[in-house]
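Following: one structure in structure tokens, then a few remarks.
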Amino acid sequence: MWQSLPLPQSQLCLSAVLKCGQSFRWVAVGSPPEYRFCLRDRVVCLNQSPTTLFYRTFLPYPQPSALPQQHIAEAETLVWLKDYFQLDVDLQKLYAEWAARDKVFSSIETRFAGIRMLRQDPFENLISFICSSNNNIGRITKMVQALCKHYSAPLLSIPDPSDPLVEVEYHPFPSPSVLAAPGVEATLRDLGFGYRAKFIQRTAQMLVDTHGSGELAEKFLANLRNTPTEEARQELLKFMGVGRKVADCVLLMSLDKKEVVPVDTHVHQIAIKHYGLKGSLNAKSNMTPKLYEEINTKLVAVWGDYAGWAHSVLFTSDLKAFSAHGVETAETTALPTPPPTPSPLKRKGGVPEGDVPPSPLIGRAKRRRT
DNA sequence: CGCATACCAATA
DNA sequence: ATTGGTATGC
């Protein structure tokens with residue numbers, strides 16, 4: 001049944017990595033939690049102890065007498081796990097390097113160990129992050145799972161460990177050609193996707209029209225792994241619903257561009273608070289292309305070659321789900337205030353200095369209505 | 001390029 | 001009113 005792989009939690013923390021807004025398709029069942037994920041041909045189940053990662057595989061149409069087949073499947077799953085979690089990358093070593101370069105990082109590293117970048121399927125990653133605009137993790141998760149349930153047949157069902165009489169069905173992520181069908185937009189709207197319904201259908205259609213149906217569309221995306229970052233980014237920006245932020249998420253999370261730092265409002269706030277980036281006091285300070293570049297450049301300079309991976313640790317530490325519940329630690333109050341980045345040109349208005357952050361990372365400056 | 005507005009739905 | 005943005009128009 002369960003297979004094991006020696007792996008300290010400092011190299012991989014499942015509870016953080018699978019719930020921090022990289023993938024939206026892992027489901028946690030039972031307690032202690034078991035994490036399940038449906039691939040094209042199987043369901044992979046995971047849990048972990050401080051020293052070991054445990055995994056098991058469910059195939060459709062299990063042959064009761066096919067133990068050799070099961071053995072082969074577990075070996076294949078292990079290969080997939082090493083690829084998906086990028087286990088060849090020594091995360092402890094990276095943490096040590098980031099901590100040496102950055103005091104902000106060193107102040108949180110022990111509380112947020114084992115946060116690494118997944119190497120996701122590019123198409124799933126692309127569609128999932130088209131859903132992410134103006135949205136939150138909880139709803140994105142519901143949308144992605146509704147999409148799978150509606151557009152791909154259940155591969156198999158497995159009992160819920162906390163209630164073994166209940167069988168849970170698992171659906172793979174649908175293929176581009178399925179989502180390219182004309183009726184998809186209307187259906188997704190009914191499923192609550194809002195304006196993103198059109199983006200998904202159009203992106204899938206464009207992928208199929210331009211690069212062919214079947215495996216070809218997905219091969220095109222996968223091949224962007226061998227394409228230089230800027231060129232790959234330009235390809236992604238052609239898709240409807242894909243702007244700079246979504247493109248950068250895909251580059252980082254499924255196309256091996258480990259240095260890319262996606263800048264969303266959270267990262268923007270982190271950059272202002274801890275890395276000396278200018279923040280407009282303007283209520284609706286939009287993310288302009290220029291500001292995006294500025295933040296991106298700064299963070300790459302701080303964290304180096306694996307900046308995108310480091311960003312994920314900081315980002316996760318800033319998530320409410322991981323920092324809430326009033327967990328305060330003593331040393332979190334003494335973070336260095338970075339020297340403000342000299343702004344060569346104008347500044348819009350005076351930026352008052354009276355802002356004292358209650359806690360270094362958690363909580364951003366909220367505007368209060370008058 | 002910078003800025004404004006619409007877009008769906010849930011509310012951390 | 002706000003939210004892990006993007007498309008469109010000026």
Side-chain angles (χ1 to χ4, degrees), chain A residues 16 19-24 115 117-118 120 125-147 184-203 206 233-234 236-253 260-272 278 280 282-296 299 308 311-327 343 345-349 361-370:
Chain A
K19 293 290 208 174
C20 70
Q22 293 189 54
S23 170
F24 303 95
I115 296 172
M117 198 54 54
L118 301 175
Q120 301 188 58
N125 190 207
L126 177 62
I127 298 301
S128 298
F129 278 82
I130 286 176
C131 296
S132 74
S133 72
N134 263 328
N135 214 341
N136 55 70
I137 291 178
R139 185 155 79 111
I140 300 167
T141 301
K142 282 181 192 153
M143 287 164 66
V144 169
Q145 292 183 358
L147 181 87
V184 166
E185 176 181 347
T187 303
L188 290 183
R189 276 190 181 271
D190 289 341
L191 290 176
F193 280 61
Y195 60 90
R196 306 165 194 88
K198 176 158 90 168
F199 295 166
I200 290 170
Q201 190 276 330
R202 291 286 299 278
T203 290
M206 181 174 151
R233 176 180 291 129
Q234 293 308 316
L236 293 172
L237 289 173
K238 293 176 184 171
F239 295 113
M240 170 125 342
V242 178
R244 177 68 192 264
K245 190 267 179 179
V246 170
D248 281 0
C249 284
V250 176
L251 289 171
L252 174 65
M253 300 181 189
V260 170
V261 179
V263 179
D264 57 29
T265 57
H266 279 208
V267 174
H268 185 193
Q269 294 306 318
I270 292 173
I272 291 170
K278 67 181 176 204
S280 142
N282 196 340
K284 30 183 155 184
S285 74
N286 276 330
M287 180 56 57
T288 66
K290 185 171 181 176
L291 179 56
Y292 191 108
E293 287 297 344
E294 210 173 317
I295 295 171
N296 204 297
L299 294 179
H311 133 279
S312 181
V313 181
L314 268 285
F315 180 86
T316 302
S317 77
D318 194 49
L319 282 179
K320 273 226 173 140
F322 291 93
S323 57
H325 310 306
V327 182
S343 48
L345 295 178
K346 59 179 185 205
R347 175 176 289 192
K348 258 201 185 149
L361 289 180
I362 59 184
R364 49 201 111 104
K366 293 203 171 170
R367 317 217 104 256
R368 200 166 292 274
R369 282 196 36 68
T370 55

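Scored by the side-chain hydrogen bond (donor to acceptor under 3.5 Å, both in side chains) test, A/N296 finds no partners at all (sequence neighbours excluded). In this structure, the ring pair (Phe, Tyr, Trp, His ring centres under 6.0 Å) partners of A/F24, at least two apart in sequence or on a different chain, are A/F129.
Comparing A/G241 and A/F315 against DNA chain C, the residue whose closest nucleotide sits nearer the 5' end is A/F315.
Between B/dC8 and C/dG9, the distance separating the two P atoms is 16 Å to the nearest Å. When the C1' atom is compared between C/dG4 and B/dC3, the two are found 22 Å apart, to the nearest whole Å.
Here A/F239 lies in heavy-atom contact (under 4.0 Å) with sugar-phosphate atoms only. Counting non-hydrogen atoms under 4.0 angstrom, A/V242 reaches the backbone sugars and phosphates but no base.
Proximity note for A/K290 (side chain, C-beta onward) versus B/dG2, C/dG4, C/dT6: the nearest is B/dG2.
Remark: C1' of C/dG5 and CG of A/L237 are 13 Å apart, rounded to the nearest angstrom.
Within residues 128-144 of chain A, the residues that place at least one heavy atom under 4.0 Å from DNA chain B are, in residue-number order, A/N136, A/R139. The stretch residues 186-197 of chain A touches DNA chain B through A/R189, A/G192, A/G194, A/Y195, A/R196, each having a heavy atom under 4.0 angstrom from the strand.
Salt bridge status for A/K290 with A/E294: absent, with no side-chain N to carboxylate O gap under 4.0 Å.
For residues 191-202 of chain A, the side chain to side chain donor-acceptor pair (under 3.5 Å) pairs, not counting sequence neighbours, are A/S133-A/Y195.
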A correct dot-bracket answer for DNA chain C, with pairs being Watson-Crick or G-U at under 3.5 Å, [ ] for crossing pairs and | for inter-strand pairs, is |||.||||||

